Amino acid sequence: MRRARADTWERFYAVVRKIPRGRVATYGEVAERAGLPGYARQVGWALHALRPGTRVPWQRVVNVRGACSVRLGSGSEFEQRRRLEREGVEFGPGGRIDLGHFGWPRDRAQ
DNA sequence: AGCGAGGCTGCTG
DNA sequence: CCAGCAGCCTCGC
């Protein structure tokens, strides 16, 4: 069988925790770095299922266009943006982040 | 066991 | 950059 769900999610969390402060990574990147390319959607689900109290910088994970994909209405969207801005991440007019500037450089180690 | 939905992505226009 | 289409995996009914 494939990897157990909890095990898979733990990999995602481990990767997310490696994202440097002031940087953001896409779901696809997190999945890829976790050794599970193509699991972008599962990263989203893993963060969705993230329990309060778990120390994971989920706010640094955005979609490939640099926008917060957090489900609207949850209030987390605002929280995410507030946290990122505090880290020095700038948002564009459309509420998007310039991944070319704030994205997590793949060539660099964490 | 089947099916729709979800914090996504890459490829085409 | 946005819209449409298809593929990805897991959850919940």
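Naming convention: chains lettered A, B, ... in sequence-line order (proteins, then strands); numbering from 1 in each chain. None of the values given here were measured: they were computed from a predicted structure.
- For A:Leu47, whose side chain is taken as the heavy atoms from C-beta onward, the closest listed nucleotide among B:dT9, B:dG6, B:dG7 is B:dG7.
- As a whole-Å value, the separation of A:Arg11 CZ from C:dC9 C1' is 15 Å.
- Nucleotides C:dA6 and B:dG7 are separated by 22 Å at their P atoms, to the nearest Å.
- B:dG6 atom P lies 16 Å from atom CH2 of A:Trp9, rounded to whole Å.
- Atom P of nucleotide C:dT10 and atom OH of A:Tyr27 are separated by 18 Å, given to the nearest angstrom.
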Canonical and wobble pairing (Watson-Crick, G-U, under 3.5 Å) of DNA chain C, dot-bracket with |: .||||||.|||||
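- Residues A:Leu47 and A:Tyr27 have side chains in contact (heavy-atom distance under 4.5 Å, counting atoms from C-beta outward).
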Pull out every protein N or O sitting under 3.5 Å from an N or O of nucleotides 2-6 of chain C, one pair per line with the distance.
residue, atom, partner, partner atom, Å
C:dC2, OP1, A:Arg96, NH2, 2.6

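- Out of B:dG10, C:dG7, C:dC11, the shortest distance to the side chain of A:Trp45 is found at C:dC11.
- Note that A:Arg81 lies in the cation-pi zone of A:Phe91, set by a 6.0 Å cut-off to the ring centre and a 45° limit from the axis.
- Tested against A:Glu87, the residues A:Arg82, A:Arg21, A:Arg60, A:Arg23 include a single salt bridge (Lys or Arg N to Asp or Glu O under 4.0 Å) partner, A:Arg60.
- One interatomic measurement links the two molecules: CD of A:Gln42 to P of C:dG7, which rounds to 16 Å at whole-angstrom precision.
- No side-chain donor-acceptor contact under 3.5 Å links A:Tyr39 to the backbone of A:Thr8.
- The hydrophobic clustering, which links ILVMFWY residues whose side-chain heavy atoms are closer than 4.5 Å, places A:Val24 and A:Trp104 apart.
- If you measure from atom CD of A:Glu29 to atom P of B:dG10, you get 9 Å, rounded to the nearest angstrom.
- Nearest nucleotide to the side chain of A:Ser69, out of B:dT9, B:dC8, B:dG6: B:dC8.
- Side-chain contact between A:Tyr13 and A:Arg55 is absent, with no heavy atoms from C-beta onward closer than 4.5 Å.
- Side-chain contact between A:Gln42 and A:Phe12 is present, with at least one heavy-atom pair separated by less than 4.5 Å.
- Here the side chains of A:Val61 and A:Thr26 are not in contact, with every heavy-atom distance at 4.5 Å or above.
- Distance CG (A:Leu36) to P (B:dC8): 18 Å, rounded to an integer number of Å.
- Going from atom CD of A:Glu32 over to atom P of B:dC8 covers 18 Å, rounded to whole Å.
- Between the P atom of B:dG10 and the CG atom of A:Asn63 lies a distance of 11 Å, rounded to the nearest Å.
- Using modelled atom types, no side-chain atom of A:Arg83 and backbone atom of A:Gln59 make a donor-acceptor pair closer than 3.5 Å.
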